[in-house]
Amino acid sequence: MAIDRFRFNVKAMKTLTSITVLVVAVLMSKVNANGQKFQFTFRGTCWTTNAEGRFITKPANNKTLLQEYALATGAASTKGLVLAYHYKGADQGDVVEVVNAKDGTTVYALFGLFFSDDFGRLSLTNSDLTQEQSIDYIYTHQMDHSAGSALTSKKIIVDRKGNPRNLLFQGQVYYDITPDRAHSNMQICSGTFITGKPIGTNAWQLPTKLR
């Protein structure tokens with residue numbers, strides 16, 4: 001029985017490794033154009049250490065996330081760029097992207113919120129499928145496995161007649177930034193996000209159900 005359990009674990013690890021390689025490949029390329037993009041606002045804090053090895057904190061927000069994009073790509077400027085929440089931006093889930101402020105064109109996939117309904121997990125929905133709560137894994141470019149997790153809430157906003165008017169996404173996130181050529185020290189970050197109006201030039205039919 002112990003041998004069978006070991007074989008199962010090895011097989012599961014191989015499967016998970018293949019999936020994480022695929023996820024990183026998705027983030028390394030432009031994500032697909034399906035779904036809709038929404039204004040994205042992030043507020044949080046990152047913990048790290050200074051030169052003396054003491055704990056310090058620094059803000060994490062839209063500005064610092066755009067700086068992360070510049071560090072990762074070597075971009076000289078973030079002028080004309082904003083952050084967007086791309087609903088169903090990848091087959092694995094939703095994607096937070098750097099986009100062109102004028103037309104919403106994807107410039108860079110910053111991180112993915114993936115696998116809320118995989119590996120035995122399930123999202124929680126209400127009876128009419130207009131609200132959803134899920135635990136998502138956060139994937140970035142830094143590693144070939146998850147860098148953190150998010151508690152994500154999704155809701156269809158309706159008008160007085162019950163017609164869909166907008167989608168609202170909000171959540172709490174926790175993730176790591178590991179040392180690399182752009183980051184001298186380990187960082188542990190947490191924060192909250194919320195979305196606003198749809199952005200981009202493509203017309204999009206709002207769903208009446210989330211599933």
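Just the heavy atoms: all of them, side chains too, but no hydrogens, waters or symmetry mates, feed the values below. Nothing fancy with the numbering, it's 1 onward along the sequence.
Separation of the Tyr69 and His141 ring centroids does not fall under the 6.0 Å cut-off. Tyr87 has its ring centre no less than 6.0 Å from the ring centre of Phe38. Remark: aromatic rings of Phe115 and Tyr137 are distant, center separation not under 6.0 Å.
Using a 4.5 Å heavy-atom cutoff, the side chains of Lys154 and Asp94 are in contact. Side-chain contact between His86 and Val99 is absent, with no heavy atoms from C-beta onward closer than 4.5 Å. Taking 4.5 Å as the limit, some side-chain heavy atom of Val173 sits within range of a side-chain heavy atom of Ile138. A heavy-atom distance below 4.5 Å is found between the side chains of Ile177 and Glu68. Residues Phe40 and Val96 have side chains in contact (heavy-atom distance under 4.5 Å, counting atoms from C-beta outward). For the pair Gln187 and Lys58, the minimum side-chain heavy-atom distance is below 4.5 Å. When side chains are defined from C-beta on, Leu110 counts as touching Leu65, because their heavy atoms get closer than 4.5 Å. Looking at heavy atoms from C-beta onward, Val98 lies in side-chain contact with Leu83 at the 4.5 angstrom threshold.
The CG atom of Asn166 lies 11.5 Å from the CG atom of Asp159; values are rounded to the nearest 0.5 Å. Here the CD1 atom belonging to Ile157 is positioned 10.5 Å from the CG atom belonging to Leu206, to the nearest 0.5 angstrom. Separating the OG1 atom in Thr125 from the CD atom in Gln131 is a distance of 10.0 Å, to the nearest 0.5 Å. Remark: Ser190 OG to Arg43 CZ distance equals 14.5 Å, nearest 0.5 Å. Within the model, atoms CG of Leu81 and CG of Asn62 stand 12.0 Å from one another, a figure rounded to the nearest 0.5 Å. Atom CD of Gln92 sits about 12.0 Å away from atom CG of Asp136, to the nearest 0.5 Å.
Arg211 has a carboxylate O that lies under 4.0 Å from a charged side-chain N of Asp117, or vice versa, which qualifies the two as a salt bridge.
Minimum heavy-atom separation, Ala182 to Leu71: CB-CB, 3.9 Å. Taking both residues in full, the closest heavy atoms of Ser184 and Pro179 are given as O-CB, 4.1 Å, listed atom of the first, atom of the second, then distance. Residues Gln36 and Pro198 approach most closely at NE2-CB, 3.7 Å, considering heavy atoms. The two residues Ala70 and Thr78 have their closest heavy-atom pair at CB-CG2, 4.3 Å. Contact record, Ile156 with Pro164: CG2-CB, 3.9 Å, taken as the closest heavy-atom pair. Smallest separation of non-hydrogen atoms from Glu132 and Ser123: OE2-OG, 3.4 Å.
The ring-ring contact (aromatic ring centres under 6.0 Å, His included) pairs that include a residue from residues 43-67 number zero, where partners must be two or more places apart or lie in different chains.
Checked by atom type and distance alone, the side chain of Thr195 pairs as donor or acceptor with a backbone atom of Phe169 at under 3.5 Å. Side-chain N or O atoms of Asp176 include none that pairs as donor or acceptor with a backbone N or O of Thr178 at under 3.5 Å. A donor-acceptor pair is defined here as one N or O able to donate and one able to accept, closer than 3.5 Å; such a pair exists between the side chain of Ser77 and the backbone of Lys79. Although no hydrogens or angles enter the test, the distance criterion places a donor-acceptor pair under 3.5 Å between the side chain of Lys37 and the main chain of Gly104.
Here the options are Phe42, Tyr85, Tyr175, the test is ring-ring contact (aromatic ring centres under 6.0 Å, His included), and the partner is Phe193; only Tyr85 passes.
Residue Ile135 is not grouped with residue Phe114 when hydrophobic side chains (ILVMFWY) are merged at heavy-atom distances under 4.5 angstrom, including chains of intermediate members. No path of Ile, Leu, Val, Met, Phe, Trp and Tyr side chains, each step under 4.5 Å between heavy atoms, connects Leu168 with Ile199, placing them in separate hydrophobic clusters. Residues Leu122 and Leu210 fall into different hydrophobic clusters, defined by Ile, Leu, Val, Met, Phe, Trp and Tyr side chains chained together at heavy-atom separations under 4.5 Å.
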Residues Leu151, Gln133; criterion side-chain contact (heavy atoms from CB on, under 4.5 Å); working and verdict:
CA-CA 7 Å; Leu151 173 60; Gln133 296 274 356; 4.0 Å; yes
